[in-house]
Amino acid sequence: MKGEGVNLIVLSTVVALGLSMYLGRMQAAVTLPPESKPLKRHFYKKLNTCDNVEPYVRHQVQLWWNRDKSITAKLLKLLYADCMVNGCDASILLDGPHTEKNASQNLWLDGFVLIDKIKTVLEARCPRAVSCADILNLAVRDAVHFAGAPSYPVFLGRRDGLDSNAAWVDLPLPSVSFDQGLAYFKSKGLDVVDYATLLGAHTMGKTHCTYIHNRLYNFNNTGKPDPTMSKSELNKLRQQCPQTLKQGQKDPTVFLTDKDGPQYNFTNTYYSNVLSHNSVLKVDQNLLNDINSTQIVQEYAANKEQFRREFAFSISRMGGLKVLTGKQGEIRLNCRVINKNNPNIK
C-alpha cells in the first residue's frame, strides 16, 4: 500500500506538470504569436511591393470556397506536406517526375489549381513580388477561417525553394504510434501541443479505406479489428469499407468525422470522437496513449475556443519552419517551375 501511495503521488505530479506546461502554452496562444524574424507582419506593404496582397488572396480563396468547401482540407494537406518535409518553401508545388508531389505519401494531394490562380492574379497586380510559399500560407489561413477557424496573422517574407525531391518526403503513415508521431513533429521543431492541435484539422478530412483496412479486419495481423475502436464505429466503417473490393472498384473514401466532415466545418468534434473511441485513423486514437496529449484532447473537447486559439498558434509555428528569406531561393513566376526552367523568362 505504501508503494502504491508513492506511485499515485508520482502520477499526480506528472499529470500536474503536464497540465501546467499545456496551460502555459494555452495562455500564450491567447495573444498573437511573436513575430518570427526574418518573417514580418505586412511584409509586402512595408516594402511597398504589394500593399493589398492579403485582400487579393482572400478574394480568390472566397470565390473557390463558395463553390467547393473541400478546398480547406486540400490546402491544409498541401501546407503540411510542404512545411514538414523541407521547410515552407513551396517545393511541394513544383512539377516533375521526381518532385515531392510525386512521392507515394503525396499522391492524393490537391489544391494546386487554386494556388496557380492566385499566383496569376498577383503577377498581374504585383509582378515578381509575392512568393508561392507566402501565397500558400495566406490561402490556408483564409480557407480555414471561412470554415470556422480564427483569422490568425500570417507573417510574410518567405521565398521559394529551387529544388524538390521525392526522396526527401518522410511524412509518417496514419497508422504510426503516438511516440513515432510525436518524435516526427519534434524532429521538425514542434512539440506535443502542436502535434495534438494540428491533428485536429482531421475534423474536416477524408481518408481512403486502404489506410484503415487493417484496423477494421486484421489489426496487427490478429485477424480481428482494432480493440480501441468502438463497436458502433467499427460497424459503420465496415459498411463503407468492404473487406474485399469488387473487380474494378475504386478504393472508397470516408470522412474522418461524420458530423462536420461533409460540410468541412472547423470544429472540435474530432476531439470528442477521440474520447469516444470513434476515431477513424489510428494516429488520432493514439492521442489517448499519452498523459499530456490526453489532457489536451479533454480540454479541446470541452472548449472549442481553446482549440481555435491554439490552432492559430500551432499552424503559425508550422508555417515558419525552415523558411528561405532575403536572397535565398527566388520568387517564382510560375509556382510549378523554377525560374531558370521557365521558358517565359528571358
Hey, is the main chain of V121 close enough, under 3.5 Å, to the side chain of Q60 for a donor-acceptor pair? no

Is S164 reaching over with its side chain to a backbone N or O of T99, donor-acceptor style, under 3.5 angstrom? no

Apply side chain to side chain contact (heavy atoms under 4.5 Å, CB included) to I315 and D194, showing your working. CA-CA 8 Å; I315 199 168; D194 298 315; over 6 Å; no

Selection residues 213-262 - residue pairs positive for ring-ring contact (aromatic ring centres under 6.0 Å, His included), sequence neighbours left out: H213-Y217, F255-Y264

For V337, the option from N344, I345, N342 that meets side-chain contact (heavy atoms from CB on, under 4.5 Å): N342

Could you check whether D134 and N137, counting side-chain N and O atoms only, form a donor-acceptor pair closer than 3.5 Å? no

Has the side chain of N303 got a donor or acceptor atom that lies under 3.5 Å from a matching backbone atom of E299? no

If only side-chain N and O atoms count, and only distance matters, is there a donor-acceptor pair under 3.5 Å linking N273 with S279? no

Report the C-alpha distance between F155 and H42 in whole Å, list the side-chain angles of each, state the deciding distance to 0.1 Å, and finish with yes or no for side chain to side chain contact (heavy atoms under 4.5 Å, CB included). CA-CA 7 Å; F155 302 115; H42 304 302; over 6 Å; no

Could you tell me whether D89 and R158 make a salt bridge, using a distance below 4.0 angstrom between a side-chain N and a carboxylate O? no

Would you confirm whether N102, through its side chain, and A166, through its main-chain N or O, come within 3.5 Å as a donor-acceptor pair? no

Taking all heavy atoms of L281 and all of T207, pick out the closest pair and write down the distance. CD2-OG1, 3.8 Å

Would a hydrophobic clustering, with Ile, Leu, Val, Met, Phe, Trp and Tyr connected at side-chain separations under 4.5 Å, put I118 with I331? no

L198 side, atom CG; M318 side, atom CE - distance, nearest 0.5 Å: 5.5 Å

Hey, could you give me the CG/OH distance between L138 and Y44, rounded to the nearest 0.5 Å? 8.0 Å

Salt bridge D191-R317, side-chain N to carboxylate O under 4.0 Å: yes

Evaluate K282 against T228 for side chain to side chain donor-acceptor pair (under 3.5 Å), listing each step before the verdict. CA-CA 9 Å; K282 186 61 175 174; T228 66; 3.1 Å; yes

Rounded to the nearest 0.5 Å, what separation is found between the CG atom of L287 and the OG atom of S293? 5.0 Å

Is the F307 to Y271 ring centre distance short of 6.0 Å? yes

Please report the interatomic distance CG(L237) to CE(M229), rounded to the nearest 0.5 Å. 5.0 Å

Test question: given the 4.5 Å side-chain rule for I, L, V, M, F, W and Y, name all other residues clustered with I338, or answer none. L94

N278 vs S230, test: side chain to side chain donor-acceptor pair (under 3.5 Å). Steps then yes/no. CA-CA 6 Å; N278 289 330; S230 72; 2.4 Å; yes

Give every donor-acceptor pair under 3.5 Å between a side-chain atom in residues 105-113 and any protein atom, sequence neighbours left out.
{"residue": "Q105", "atom": "NE2", "partner": "V169", "partner atom": "O", "Å": "3.4"}
{"residue": "N106", "atom": "ND2", "partner": "E100", "partner atom": "O", "Å": "2.8"}

Would you verify whether the NZ or CZ of R308 falls within 45 degrees of the ring axis of F266 while also being under 6.0 Å from that six-membered ring's centre? no

Any chain of hydrophobic side-chain contacts (each under 4.5 Å) joining L171 to L136? yes

Given Y300 and S272, is the side chain to side chain donor-acceptor pair (under 3.5 Å) satisfied, shown in steps? CA-CA 8 Å; Y300 288 168; S272 299; over 6 Å; no

One pair to check against side chain to side chain contact (heavy atoms under 4.5 Å, CB included): H202 and T257. What are the steps and the verdict? CA-CA 8 Å; H202 285 174; T257 60; over 6 Å; no

What heavy-atom pair brings L39 and G319 nearest, and what distance separates the two atoms? CD1-O, 4.5 Å

Using a 3.5 Å distance criterion without hydrogens, assess whether the side chain of K119 forms a donor-acceptor pair with backbone atoms of V130. yes

In short, A139 meets L75 closest at the heavy-atom pair O-CD1, 3.8 Å

Heavy-atom donor-acceptor pair, K101 side chain to G96 backbone, under 3.5 Å: no

Over all atoms of both residues, closest heavy-atom pair of A201 and L76: CB-CD1, 4.0 Å

Do S177 and D179 meet the criterion of a side-chain donor-acceptor pair at a distance under 3.5 Å? no

Tell me if a side-chain donor or acceptor on Q285 pairs with a main-chain N or O of V274 at a distance below 3.5 Å. yes

Is a side-chain N or O of R332 found less than 3.5 angstrom from the main chain of G161, in a donor-acceptor match? yes

Minimum heavy-atom distance S131-D160, with the two atoms named: CB-OD1, 3.4 Å

Where do D116 and C335 come nearest, in terms of heavy atoms and distance? OD1-CB, 4.3 Å

Can you sort out the partners of L245 under side-chain contact (heavy atoms from CB on, under 4.5 Å), two or more places apart, ordered by chain and number? P242, Q249, P252

Derivation and outcome, side chain to side chain donor-acceptor pair (under 3.5 Å), residues S232 and K236: CA-CA 6 Å; S232 60; K236 181 195 72 177; over 6 Å; no

Which residue pairs pass the disulfide (SG to SG under 2.5 Å) test with at least one member in residues 184-241, sequence neighbours excluded? C209-C241

cation_pi(R67, W65) dist<6.0 Å, angle<=45: no

Aromatic ring proximity Y195/F178, centre distance under 6.0 Å: yes

Worked check of ring pair (Phe, Tyr, Trp, His ring centres under 6.0 Å) between F311 and Y152: CA-CA 9 Å; F311 185 85; Y152 54 88; 7.2 Å; no

Is L324 reachable from I115 through a run of hydrophobic residues whose side-chain heavy atoms are each under 4.5 Å from the next? no

Across all chains, not counting sequence neighbours, the side-chain contact (heavy atoms from CB on, under 4.5 Å) partners of A183 are none

Let me confirm one number: the CG-OG1 distance from N214 to T222, rounded to the nearest 0.5 Å. 9.5 Å

Hphob cluster co-occupancy, L256 + V176, side-chain heavy atoms under 4.5 angstrom: yes

Under 3.5 Å, side chain of N265 to main-chain N/O of T267, donor-acceptor pair present? no

K45 bridged to E54 by N-O distance under 4.0 Å: no

Any chance you could measure R238, atom CZ, to N235, atom CG, to the nearest 0.5 Å? 7.5 Å

Start with the C-alpha gap between R141 and S151, add the side-chain angles, then the distance that decides, and say whether side chain to side chain contact (heavy atoms under 4.5 Å, CB included) holds. CA-CA 6 Å; R141 186 271 306 276; S151 184; 3.4 Å; yes

Before accepting this row, confirm whether a basic side-chain N of the pair D170/K188 lies closer than 4.0 Å to the acidic partner's carboxylate O. yes

